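I have placed the structure first, in the form of structure tokens, so that the comments after it can refer back to it.
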Protein chains: 2
Amino acid sequence: MQNINIELLKSYGLKATPQRIDILNTIEKLGHANIDEIYEIVKKSNPTISLATVYKNITALVEKALLKEVALNNFKSKYEIIKDRHSHLICKVCGKVTDVELNNEILLLSEQLSNNNNFNYKDIELNIYGICSSCA
Amino acid sequence: MQNINIELLKSYGLKATPQRIDILNTIEKLGHANIDEIYEIVKKSNPTISLATVYKNITALVEKALLKEVALNNFKSKYEIIKDRHSHLICKVCGKVTDVELNNEILLLSEQLSNNNNFNYKDIELNIYGICSSCA
DNA sequence: TTGCTACAAATAAAAATTATTAATTAGGAG
DNA sequence: CTCCTAATTAATAATTTTTATTTGTAGCAA
């Protein structure tokens, strides 16, 4: 098994179909991708794949908590492989998403914030909107 | 002019139509609302309004920076009147959004994070996902 | 082999959003 | 106050996005 994503899929109880492997590889390569980006790229190696399959698999992978949706203002949701907590720098011009390490300080402050408001904290999402260096 | 939102609209160079006033009043009352919620409520006081009108006005108000989109994972985007920086507690079960005061500490940490990454910081969005007290 | 299951492709259907057009209205000029 | 004009709206229509259904196929188990 050369491809780590095959193991990943199986460890989550999912069959490692070529389509799913392609989808995961694509997201992994891009870091973040929305449905259309994934579809366009996967089509190259798998020309008969249908858009519905991408939707269905993305949904399945999100349900299995293998992928995470990143809802964005003004852009279509992107998806990323779940890994360490991080924050997103989102360019208001081109929509590019860049990950940055999320420090524990922010994490703790967020948990405090939740506790103070009688809210059962599960997950944090810190999105920073601005202009990226290439668009500046 | 009893209604503050009329002045608000004019100060942004928009005509204060009953539809817009209704939409703003609704969002103000609810704090956060998605397109459908707004439509359903505005329809009561304005039964002939069309859904397309709500879409168009929401888009216009967002463009004029009078409203802010709040993109949510798994739920349709909600809209809020732009005011002081705050964070959102988002219930994963019912989708309810609650505002909480955002402390300066988090704000500063986010700006630092941006600067460290050569990113021109504009705006922060801290969304905390979890379970609200009524769903717990 | 035969039957069952999981899966995908292709389609169809539904839901959400945006565009068009003709009629109406808000707000300013006189 | 009344009239005029540009902005706005309702009512579609059209498009886009997302989800569901149908059909076929591959692989496994008995």
Side-chain angles (χ1 to χ4, degrees), chain A residues 1 5-6 8-26 33-64 66-67 69-79 95, chain B residues 1-26 33-64 66-67 69-79 95:
Chain A
M1 303 276 174
N5 286 330
I6 296 175
L8 192 61
L9 282 164
K10 289 190 177 170
S11 72
Y12 276 84
L14 293 168
K15 285 197 176 175
T17 66
Q19 291 81 356
R20 282 183 183 155
I21 295 163
D22 276 0
I23 289 171
L24 281 178
N25 286 345
T26 300
N34 66 29
I35 293 282
D36 300 328
E37 290 163 344
I38 295 165
Y39 178 56
E40 287 307 322
I41 291 174
V42 168
K43 231 176 14 185
K44 288 177 189 164
S45 58
N46 196 333
T48 72
I49 197 170
S50 89
L51 183 56
T53 299
V54 179
Y55 271 106
K56 208 146 50 63
N57 279 322
I58 291 288
T59 305
L61 294 171
V62 169
E63 269 170 10
K64 292 280 184 180
L66 210 155
L67 291 183
E69 180 184 359
V70 184
L72 301 174
N73 296 346
N74 303 123
F75 299 99
K76 288 179 87 168
S77 284
K78 296 197 170 190
Y79 297 88
Chain B
M1 305 271 172
Q2 306 92 326
N3 190 316
I4 185 85
N5 285 331
I6 295 176
E7 294 301 335
L8 191 61
L9 282 164
K10 289 188 178 174
S11 72
Y12 277 83
L14 292 168
K15 284 193 177 177
T17 68
Q19 292 83 353
R20 281 182 183 154
I21 296 163
D22 277 359
I23 288 170
L24 281 178
N25 286 344
T26 300
N34 66 28
I35 294 282
D36 300 328
E37 289 162 346
I38 294 165
Y39 178 56
E40 287 306 322
I41 291 175
V42 168
K43 229 173 20 183
K44 287 178 190 163
S45 57
N46 196 334
T48 72
I49 198 171
S50 92
L51 183 57
T53 299
V54 178
Y55 271 106
K56 208 148 51 61
N57 278 320
I58 291 289
T59 305
L61 294 172
V62 169
E63 269 171 10
K64 292 280 184 179
L66 211 154
L67 290 184
E69 179 183 1
V70 184
L72 302 174
N73 296 346
N74 302 125
F75 299 99
K76 288 179 86 168
S77 283
K78 296 195 169 190
Y79 298 88

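From a predicted model like this one, the values you see are computed outputs, not experimental measurements. To find a chain, count down the sequence lines: A is the first, B the second, and so on, and within it residues start at 1.
- B:Asn57 contributes no side-chain N or O that, together with a main-chain N or O of B:Arg20, makes up a donor-acceptor pair within less than 3.5 Å.
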request  = Going 5' to 3' through nucleotides 15-20 of chain D, assign each nucleotide B (protein heavy atom under 4.0 Å from a base atom), S (under 4.0 Å only from sugar-phosphate atoms) or - (no protein heavy atom that close).
outcome  = --SBBB

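- The CZ-C1' distance, from A:Phe75 to C:dT17, rounds to 17 Å in whole Å.
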request  = I would like to know whether A:Leu61 and A:Leu24 meet side-chain contact (heavy atoms from CB on, under 4.5 Å); could you show each step before the answer?
outcome  = CA-CA 9 Å; A:Leu61 294 171; A:Leu24 281 178; 4.2 Å; yes

task = Before giving the answer on side-chain contact (heavy atoms from CB on, under 4.5 Å), spell out for A:Leu9 and A:Thr17 the whole-Å C-alpha distance, their side-chain angles and the decisive distance to 0.1 Å.
result = CA-CA 9 Å; A:Leu9 282 164; A:Thr17 66; over 6 Å; no

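- Applying the side-chain contact (heavy atoms from CB on, under 4.5 Å) rule to B:Lys43 yields the partners B:Tyr39, B:Glu40, B:Ile49; only residues at least two apart in sequence or on another chain are considered.
- The shortest non-hydrogen separation linking B:Lys76 to B:Asp36 is NZ-OD2, 3.0 Å.
- Under the rule for a side-chain contact (heavy atoms from CB on, under 4.5 Å), the partners of A:Ser45 that lie at least two apart in sequence or sit in another chain are A:Asp22.
- In this structure, the OH atom of A:Tyr39 is 15 Å from the P atom of C:dA8, given to the nearest Å.
- Taking both residues in full, the closest heavy atoms of B:Tyr55 and B:Thr59 are given as O-OG1, 2.8 Å, listed atom of the first, atom of the second, then distance.
- Taking 4.0 angstrom as the limit, A:Thr53 places a side-chain polar atom (N or O) nearer than this to OP1 or OP2 of C:dA9.
- When the side-chain nitrogen and oxygen atoms of A:Asn57 are compared with OP1 and OP2 of C:dA8, one or more of them lie within a distance under 4.0 Å.
- Rounded to whole Å, atom P of D:dT8 lies 13 Å from atom CG of B:Leu24.
- The minimum heavy-atom distance between A:Gly95 and A:Lys78, with the atom names listed, is O-NZ, 3.5 Å.
- Closest heavy-atom contact between B:Ala16 and B:Ile6: CB-CG2, 3.7 Å.
- Within residues 41-50 of chain B, the residues approaching DNA chain D are B:Thr48, B:Ile49, B:Ser50, by heavy-atom distance under 4.0 Å.
- Nearest heavy atoms, B:Ile38 versus B:Val54: CG2-CG1, 3.9 Å.
- DNA chain D is contacted by B:Lys15, B:Thr17, B:Gln19 of residues 12-19 of chain B, taking any non-hydrogen atom closer than 4.0 Å.
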key: Nucleotide-resolved protein contact map, nucleotides 22-30 of chain D, B/S/- at heavy-atom distance under 4.0 Å   = ---------

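- The distance between atom CD1 of B:Ile58 and atom C1' of D:dT9, rounded to the nearest whole Å, is 15 Å.
- The distance from atom CG of A:Asn5 to atom OG1 of A:Thr26, rounded to the nearest 0.5 Å, is 10.0 Å.
- Considering all non-hydrogen atoms of both residues, B:Asn73 and A:Glu69 come closest at ND2-O, 3.2 Å.
- When rounded to the nearest whole Å, the span between CD1 of B:Ile21 and P of D:dA7 equals 18 Å.
- At the phosphate of C:dA26, neither OP1 nor OP2 sits under 4.0 Å from any side-chain N or O atom of B:Arg20.
- With hydrogens and angles ignored, the 3.5 Å screen pairs no side-chain donor or acceptor of B:Asn46 with any backbone N or O of B:Val42.
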